[in-house]
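In this text the structure is predicted, and so the values were computed from the model without any measurement. Positions are given from 1, in the same order as the sequence printed here.
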Amino acid sequence: MPFGEQPAYLRVAGDLRQKIADGVLAPHTRLPSQARIRAEYGVSDTVALEARKVLMAEGLVEGRSGSGTYVRELPEPRPVSRTGYRSAGGSGVFRQEQAAGGGKGSWESGSSQEEASPQVARRLRIQPGDRVMRTRYLFREGGEPMMLSTSWEPLELTGRTPVMLPEEGPLGGLGVVERMAAIDVVVDNLLEEVAARPGLAEEMNVLGGVPGHCVLVVSRTHLAGGRPVETADVVVPADRYRLTYHLPVR
């Protein structure tokens, strides 16, 4: 195939995508049937089917059992503010992952001890199998699930201290910086890496959406003198939220 020339199914998908973007195929409108696509574009059944699959994978249309395939009403992405360390108000994690715009947020959390996986061990610079405290969060904005976060802290550092459980005890919910300061650990750096990947079935079941739709993943690590003291993965649906960074100029 010559460079720049698209397969037939991509050309058909592109035309249908443009009609969706232009409002010709409005939200909740039924997508043309496979037979109609075949006739309108002069393509085979296979091409028509593949074009519909592309739109489905892109999250532009959704199947409804016993009814057909319909154009989805895409939400206007809302910002999730990433402002680094702040010392006031609410849960320590949620202060950094909360949605901007003044919306009221709530969260659920649960902690448990486990052995560090090789990936977590690498991020915390400990040995695989070392004990860590894992804390899972579900954040809501206006009652709607918006974000998942899972954090890990090495129990070699926090075990048998008042900050062993991030959301419990006298310092519960204060955030990594304040909690570590309480045990004389000074957090002086924060590293974040942002990536995109298909959402896992269990993630989308909680957040709402179709497995495989894109999510943004923020891999965050707090450091004290170069030593990782906490690491976390924050998962946000990419079609509903965008990451907005406010960084000071020094």
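A donor-acceptor pair under 3.5 Å links the side-chain atoms of Thr161 to the main chain of Thr158, judged by distance alone. Formation of a donor-acceptor pair under 3.5 Å by the Arg72 side chain with backbone atoms of Gly59 is found in this model. A donor-acceptor pair under 3.5 Å is formed between the side chain of Arg123 and the backbone N or O of Ala232. In this structure, the side chain of Arg11 engages the main chain of Gln6 through a donor-acceptor pair within 3.5 Å. Judged purely by atom type and a 3.5 angstrom limit, Arg122 has no side-chain atom pairing as donor or acceptor with the backbone of Gln127. A donor-acceptor contact shorter than 3.5 Å is absent between the side chain of Ser109 and the backbone of Thr135. In this structure, the side chain of Arg134 does not engage the main chain of Glu153 through any donor-acceptor pair within 3.5 Å.
Applying the side chain to side chain contact (heavy atoms under 4.5 Å, CB included) rule to Asp15 yields the partners Lys19, Tyr41; only residues at least two apart in sequence or on another chain are considered. Glu168 is linked by a salt bridge (charged side-chain N to carboxylate O under 4.0 Å, His left out) to nothing, counting only residues two or more places apart in sequence or in another chain.
Summarising the local packing, CD of Glu144 is surrounded by more than 12 heavy atoms from other residues, nucleotides or ligands at distances under 6.0 Å. More than 12 heavy atoms of other residues, nucleotides or ligands lie within 6.0 Å of CD in Glu114, so this atom counts as buried by the packing criterion.
A continuous path of Ile, Leu, Val, Met, Phe, Trp and Tyr side chains, each step under 4.5 Å between heavy atoms, connects Met56 with Leu10, placing both in one hydrophobic cluster. Under the 4.5 Å side-chain heavy-atom criterion for grouping Ile, Leu, Val, Met, Phe, Trp and Tyr, Val236 is not connected to Val215 through any hydrophobic cluster. In terms of hydrophobic clustering, with Ile, Leu, Val, Met, Phe, Trp and Tyr side chains grouped at heavy-atom distances under 4.5 Å, Met204 and Val206 are assigned to a common cluster. Clustering ILVMFWY residues whenever any of their side-chain heavy atoms sit less than 4.5 angstrom apart, transitively, puts Val61 in a cluster other than the one holding Tyr70. No single ILVMFWY cluster, assembled from side-chain heavy atoms under 4.5 Å apart, contains both Met180 and Trp152.
Heavy atoms only, all atoms of each residue included: Glu192 and Tyr245 are closest at OE1-OH, 2.9 Å. Between Gly159 and Met164, the closest heavy-atom pair is CA-SD, 3.7 Å. Shortest non-hydrogen contact noted between Asp188 and Ala224 is OD1-CA, 3.8 Å. Summarising the geometry of Pro145 relative to Arg240, their closest heavy-atom pair is O-NH1, 3.2 Å, with the distance given to 0.1 Å. Taking each heavy atom of Val71 and Ala26 in turn, the nearest pair found is CB-O, 3.4 Å. Residues Leu216 and Tyr241 come closest through the heavy atom pair CD1-O, 4.2 Å.
Val217 places none of its side-chain heavy atoms less than 4.5 Å from the side chain of Val234. Side-chain contact check for Pro166 versus Ser111: some heavy-atom pair is nearer than 4.5 Å. In this structure, Arg131 and Glu115 have side chains that are in contact, with non-hydrogen atoms separated by less than 4.5 Å. For the pair Thr244/Arg242, a side-chain contact is recorded, criterion being any heavy-atom separation below 4.5 Å from C-beta on. Within the 4.5 Å cutoff, the side chain of Leu165 has heavy atoms near those of the Met133 side chain. The side-chain heavy atoms of Leu190 and Leu223, taken from C-beta on, include no pair separated by under 4.5 Å.
From Leu155, atom CG reaches atom CD of Gln113 across 5.0 Å, with rounding to the nearest 0.5 Å. To the nearest 0.5 Å, the span separating CG on Leu157 from CD on Glu230 amounts to 11.0 Å. Summarising the geometry, atom CG belonging to Leu31 is positioned 6.5 Å from atom CD1 belonging to Ile20; distances are rounded to the nearest 0.5 Å. To the nearest 0.5 Å, atom CZ of residue Arg227 and atom NE2 of residue His222 are 15.0 Å apart. To the nearest 0.5 angstrom, Ser112 atom OG is 7.0 Å from Arg136 atom CZ. One distance of note links OG of Ser106 with CZ of Phe139; it measures 10.0 Å at 0.5 Å rounding.
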Verify side chain to side chain contact (heavy atoms under 4.5 Å, CB included) between Arg30 and Thr69, making sure each step is shown before the conclusion.
CA-CA 6 Å; Arg30 188 170 182 174; Thr69 304; over 6 Å; no
Check step by step if salt bridge (charged side-chain N to carboxylate O under 4.0 Å, His left out) holds for Arg52 and Glu50.
CA-CA 5 Å; Arg52 289 161 60 91; Glu50 290 302 314; over 6 Å; no
Worked check of side chain to side chain contact (heavy atoms under 4.5 Å, CB included) between Leu138 and Arg140
CA-CA 7 Å; Leu138 167 61; Arg140 301 179 187 272; 3.4 Å; yes
Ser151 and Tyr137: side chain to side chain contact (heavy atoms under 4.5 Å, CB included), yes or no, with the steps?
CA-CA 8 Å; Ser151 70; Tyr137 296 85; 4.2 Å; yes
Under the criterion side chain to side chain contact (heavy atoms under 4.5 Å, CB included), I'd like the reasoning laid out for Val229 against Val187: C-alpha separation, chi angles, the key distance, then a yes or no.
CA-CA 8 Å; Val229 299; Val187 174; 4.0 Å; yes
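Ser219 and Asp233 share a side-chain donor-acceptor pair at under 3.5 Å.
Applying the salt bridge (Lys or Arg N to Asp or Glu O under 4.0 Å) rule to pairs touching residues 198-213 yields Arg197-Glu203, sequence neighbours excluded.
A salt bridge links Glu58 to Arg17: at least one charged side-chain nitrogen sits closer than 4.0 Å to a carboxylate oxygen.
A side-chain contact (heavy atoms from CB on, under 4.5 Å) with Ile37 is found for one member of Val47, Leu16, Leu49, Asp45 and no other, namely Leu16.
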